[in-house]
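Start at 1 and go down the list; that is how both ligands and their atoms are numbered.
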Amino acid sequence: MPDNRLTRTEPAPKTGIVHLGLGAFFRGHGAIYTEEAIAASGGDWGIIGVSLQTPRMRDALEPQGGTYMAVELGPKPVPPRHVQVIDRVLVAPEDPQAVLDVMTDPAIRIVSLTVTEKGYCHEPASGALNLTHPDIQHDIANPLPRSAPGFLVRALQARRAAGHAPFTVQSCDNLPDNGRVARGVVLALAREIDPALADWIGDEGRFPAAMVDRIVPATKPEDITALREASGTYDAAPVMHEPFRQWVIEDDFVGGARPDWAAVGAQMVEDIAAYEHMKLCMLNGTHSSLAYLGYLAGKDTIADTMADPAFAAFVDHLWRAEIAPGLTPPEGVSLADYAAALAERYRNPAIRHLTWQIAMDGSQKLPQRILGTVGEAMAAGRPCPGLILAIAAWMRYVGGVDEAGNPIDVRDPFSAELKALSDSAEAPDAKVAALLSLRAVFSAEQAAALLAPVSKAYATLVEKGAKRALAEILS
Ligand code: CS2
């Protein structure tokens, strides 16, 4: 280990939060808000991080006392921040009981989650818990869980047995009505294990929804090297984030107990739906569209796609003509201003957000990012050729070969099924029909409505390539 390793310089705050899923996003967003909230208003809200899959983050952070650098990449140079709010990191597969023990401690009042869409083990199309998911089947039969819903349910079971109040379950993932999804999967799993437990969680538990926003790409080896060269200190797990951040939180916590996030800019509101719908459709919907079309056209990052005038005009068209007309913005928010700010954020040349990273897990993302908007537009008789093209681009992408004939490393819980469906037919309409038959993603009704337009878009993509296909929509 290099001798100039980053070390903790301040004692960790007393812990009150367990966070499941310690990726770059949480460390660049929720952890920083929480550290600032403690500095502003106090409170025992230090964080115990839990990795549900690999020991990678624990191994990186442990020698640094749980601390890491957060580097803001924007037009103005800002000194990096040494984040010290994480007390320690546990690795669930190594010792699931240790994770349950900390979650059962009554000092822990919030369990927050950034486990990505697939971590909820739900059916993306319906939002319901997938009871056939292997981890869920495991967690029904075994007291030591594997899945995020499993840890939540088993820890709540232990708290109930010990006579403690439940913790608040706070989802920070990009899912529509993420609080309701979290509540739904927890109650469904609890009901399988003990119906009385499910009733107790239903009555006493709280699952506030949230809209979270900050672009925090996965940290790359070159980020680590650059920071080391600039600072002289070695940090094995820094995070690189954009200046912008937003957190809109439904203010519904067990006993009202939570950090004073409002003191540091979070919006505590009664209903987050309008914010979340706007963000998922305007930001994540176009992010995914640019990711598939951009990747196929050979663009590495979102900033690269935005630097191409054809793509910049295309995304502007999506915002103006296809997405905004179906949205009711939160009070006082202008969708045109929101879109202009997004374009600036996407253009940020310092943020290297790979199209490949955003393209990951499309089966889990498409429904809330794109399919909902398309369904509403079709019902209202509004054409949405750009979003239809984005769906076709996803289909092309999961086929596993790019426009230059190179293989694509497709990461998706359904990657094998998607590849098999894509390979099952040659003709564009048969291929599209096969992919539309995946009921976890498309309802039967959606599949019927999408077949003709997506087949046409797919054929254009194959014939002309992504860039010409999107340029045609604008002409
Ligand atoms: C991105 C998001 O990776 C993705 O799918 O669309 O992580 C996006 O960067 C965040 O939601 C921004 O808040």
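In terms of protein heavy-atom proximity, atom 7 (O) of ligand 1 is closest to Asn174 ND2, 4.2 Å. Looking from atom 6 (O) of ligand 1 to the surrounding protein, the closest heavy atom is His287 ND1, 2.8 Å. Distance from atom 11 (O) of ligand 1 to its nearest protein heavy atom, with residue and atom name: Lys279 NZ, 2.7 Å. Nearest non-hydrogen protein atom to atom 2 (C) of ligand 1 is Asn284 ND2, 3.6 Å.
Within the structure, the closest approach of His353 to ligand 1 falls below 4.0 Å when heavy atoms are considered. Residue contacts with ligand 1: Arg369 is included, with a non-hydrogen atom under 4.0 Å away.
Checked by atom type, the side-chain pair Asp87/Thr15 shows no donor-acceptor distance below 3.5 Å. Donor-acceptor pairing under 3.5 Å is lacking for the side chains of Asn174 and Lys365.
For Gln246, the CD atom counts as densely surrounded, since its 6.0 Å shell holds more than 12 non-hydrogen atoms of other residues, nucleotides or ligands. Few gaps surround CZ on Arg382; more than 12 heavy atoms of other groups in view lie less than 6.0 Å from it.
Exactly one residue among Met69, Arg228, His82 makes a side-chain contact (heavy atoms from CB on, under 4.5 Å) with Asp235. That residue is Met69.
Here the two rings, on His353 and Tyr346, have centers that are 6.0 Å apart or farther.
Near Asp213, meaning under 4.0 Å from one of its heavy atoms, ligand 1 places the atoms 12 (C), 13 (O).
Remark: ligand 1 and Gln357 share no N or O pair separated by less than 3.5 Å (distance only, no angle test). Taking distance alone, with nitrogen or oxygen atoms compared against 3.5 Å, Arg345 stays at or beyond that limit from ligand 1.
Using a 4.5 Å heavy-atom cutoff, the side chains of Leu335 and Met278 are in contact.
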